[in-house]
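Comments concern the structure below.
Order of the sequence lines fixes the chain letters, A, B, ..., with proteins taken first and strands second; residue numbering starts at 1 for each chain. Because the structure is a prediction, the values reported are computed rather than measured.
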Amino acid sequence: MSRLIFTVSLLLLAAPLMAQTYRPQVGREHQDFLLPRIDNREPVTLSQFRGKKVLLIHFASW
Amino acid sequence: MPGWHAKLADAVKNGDIVMLGVTQEQHPERCELFAQWQQFNWPILHDPINLLGLRAVPVPILIDEYGVVRDTRPRTSSVDEFIGTVYPAQKRDVRLLDPAVPDLAKMLADVKQSPAANKWRSMGDAFVLWGGSSKIEAAVSAYKESLRLNAKSGATNFRLGVAYRMNHERQLAQEAERAGNATVVSADKYFELAVEHWGRALELDPNHYIYRRRIQQYGPRLTKPYPFYDWIDQAKSEIKARGEKPVQLPIEPTGAEIAMPSRVFTTIESAAKSPDPQGLIIRDSSTMIEISSVVVPKSVKSGGTGRVHVSFEPKANVHWNNEAEPLRVWLEAPEGWKLQQHLLKASTPKSAESHERRTIEFEVQSPRQVSTPATLKGYALYYICEDSGGQCLYRRQDFVIKVKVD
């Protein structure tokens, strides 16, 4: 039991050190994020679009 | 992307849905040009550091009015149903962010007060995303501090690589501005560090497509599944044909970034001969041209390939003579190693004289069984003139390039 607690504690400590992997889940709120626009560097959050249906598309021009 | 854009054009126009793009690439202007070419009229955000933790692209996600994810693998044929569905209101669980530029000074004071690897990385992220080019060195320092506390983070290594590449291009821009009247600072050390940290990120997370892709951008043709920026010329000409002015690119893609993928290592000009086999051309003893090189990836596997970027930078008090023969480079590889080309020529501007940094790129293949680094030997031949006095000289400079192996 103490070993399990130790392992869980280690994982909890390590969690903030690992970059999160993008895993949106159906039925759950999408994490909010803040990024600049490519054209004018203005800050934009996903939550600014609350009240509208959104197609969020991650891509690259290559 | 163009498929989604075409499918949703009317729905976006009618206000039934919003399209929001996030691009995972180093240079935002290139994506802006792509959007202009494809006539995308929706906002696109820039995530050069993979802040969101994507492992591949493209990834479309359907999100309802309450911020709830409704489909993570939508098809264009199913989006009408999504638009027509009335979803129930949902209790808010996630913390909503302020749509404002973060207070960098406040963040820095906080991280200094209670330092931690994740805080230093967030500080680096904020400098990259919101600090502009003047904060790139601060971003590098923040990521280095994060790695000092946790060296085994693939994400931090990747982001440090992104910041180093940005610093490389910032240095090049500064050198171009002050050419002719200041000390030359070689920017290639930052590019080399970028390649090193991208490589480290991939070692820590070998299946990460976004990390791999950033190395491929500058790497050999054999490792590219498809090209990067081969579409740019077509995009510019079609935009001009519409009577528009194409988005200007501060850094034009060259070499590896526009090279087509290849499935076999090809050698060309195998009959080319050394232009100065006996070494008779006078050496550039005062090093009027500074030569540096970067190999991508940072080390080559047995039987694998690397792409070598070599730059030639005139010192402040000299310039190229463009009316004479162009800069030529002769290369030789150790036994068992193959060179794509032995003799290369750098492109020359149309003006009679110039002071720009010139680059050549070539690829090299290691033997099937290799355990020791290779030393490629080469020399450059060039016509160079002194700014004061105007004396023009034809000079040779010998150099070596070390290729590390895995």
Quick test of your reading of the model: are A:E29 and A:R50 salt-bridged, counting only N-O distances below 4.0 Å? yes
Is it the side chain or the backbone of [X] that comes within 4.5 Å of chain A heavy atoms, both, or neither?
{"X": "B:W37", "answer": "neither"}
{"X": "B:D47", "answer": "both"}
{"X": "B:Y87", "answer": "side chain"}
{"X": "B:Q90", "answer": "side chain"}
{"X": "B:D93", "answer": "both"}
{"X": "B:S122", "answer": "neither"}
{"X": "B:D98", "answer": "backbone"}
{"X": "B:K91", "answer": "backbone"}
{"X": "B:D16", "answer": "backbone"}

Is chain B contacted by the side chain of A:R28, its backbone, both, or neither, given a heavy-atom distance below 4.5 Å? backbone
Side chain, backbone, both or neither: which part of A:Q25 has a non-hydrogen atom closer than 4.5 Å to chain B? backbone
For the candidates [options], which exhibits the highest count of non-hydrogen atom pairs separated by less than 4.5 Å from chain A?
{"options": "B:I17, B:V57, B:L20", "answer": "B:L20"}
{"options": "B:L96, B:V94, B:I61, B:V68", "answer": "B:I61"}
{"options": "B:P28, B:G67, B:C31", "answer": "B:G67"}
{"options": "B:A56, B:P227, B:A35, B:P58", "answer": "B:P58"}
{"options": "B:L54, B:L33, B:V247", "answer": "B:L54"}
{"options": "B:D64, B:L62, B:D125, B:V79", "answer": "B:L62"}

For the residue pair B:F34 and A:F59, categorise the inter-ring angle as parallel (less than 30°), tilted (30 to 60°) or perpendicular (more than 60°).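 Taking A:F59 first and then B:F34, their aromatic rings sit tilted (interplane angle of 30° to 60°).
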If every non-hydrogen atom of [X] is compared with every non-hydrogen atom of [Y], which pair is closest and at what distance?
{"X": "B:P74", "Y": "B:P60", "value": "CD-O, 3.3 Å"}
{"X": "B:K135", "Y": "B:G131", "value": "CG-O, 3.2 Å"}
{"X": "B:F82", "Y": "A:K53", "value": "O-CE, 3.0 Å"}
{"X": "B:S153", "Y": "B:L204", "value": "C-CD1, 3.8 Å"}

Just give me the residue among A:I57, A:T45, A:D32, A:L34 that pairs up with chain B most often, heavy atom to heavy atom, under 4.5 Å. A:I57
Residue from A:S47, A:P36, A:G27 scoring the most non-hydrogen pairs under 4.5 Å with chain B is A:P36
May I ask you to establish whether B:R213 and B:F228 are in a cation-pi arrangement, using a distance under 6.0 Å from NZ or CZ to the six-membered ring centre and at most 45° from the ring axis? yes
So, using ring pair (Phe, Tyr, Trp, His ring centres under 6.0 Å) as the criterion, who are the partners of B:H46 when residues are at least two apart?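 Ring pair (Phe, Tyr, Trp, His ring centres under 6.0 Å) check on B:H46 returns nothing, list empty.
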Flag, side chain of B:Y211 to backbone of B:A155, donor-acceptor distance under 3.5 Å: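 Checked: pair present.
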Would you find a donor on one side and an acceptor on the other, under 3.5 Å apart, between the side chain of B:E29 and the backbone of B:Q248?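 Pair absent, no side-chain N/O of B:E29 close to backbone of B:Q248.
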Hey, are B:T156 and B:R121 close enough side-chain-wise for a donor-acceptor pair under 3.5 Å?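 There is such a pair between these side chains.
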Any chance the side chains of B:Y143 and B:H197 put a donor and an acceptor closer than 3.5 Å?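 No, no side-chain donor-acceptor pair sits under 3.5 Å.
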Using a heavy-atom distance cut-off of less than 4.5 Å, which residues of residues 4-12 of chain B contact chain A? B:W4, B:L8
With a 4.5 Å cut-off on side-chain heavy atoms, are B:R30 and B:T23 touching? no
Other residues, nucleotides, ligands: >12 heavy atoms within 6.0 Å of B:E81 CD: no
Walk me through it: do B:Y229 and B:E25 pass the test side chain to side chain donor-acceptor pair (under 3.5 Å)? CA-CA 11 Å; B:Y229 293 108; B:E25 57 196 302; 2.5 Å; yes
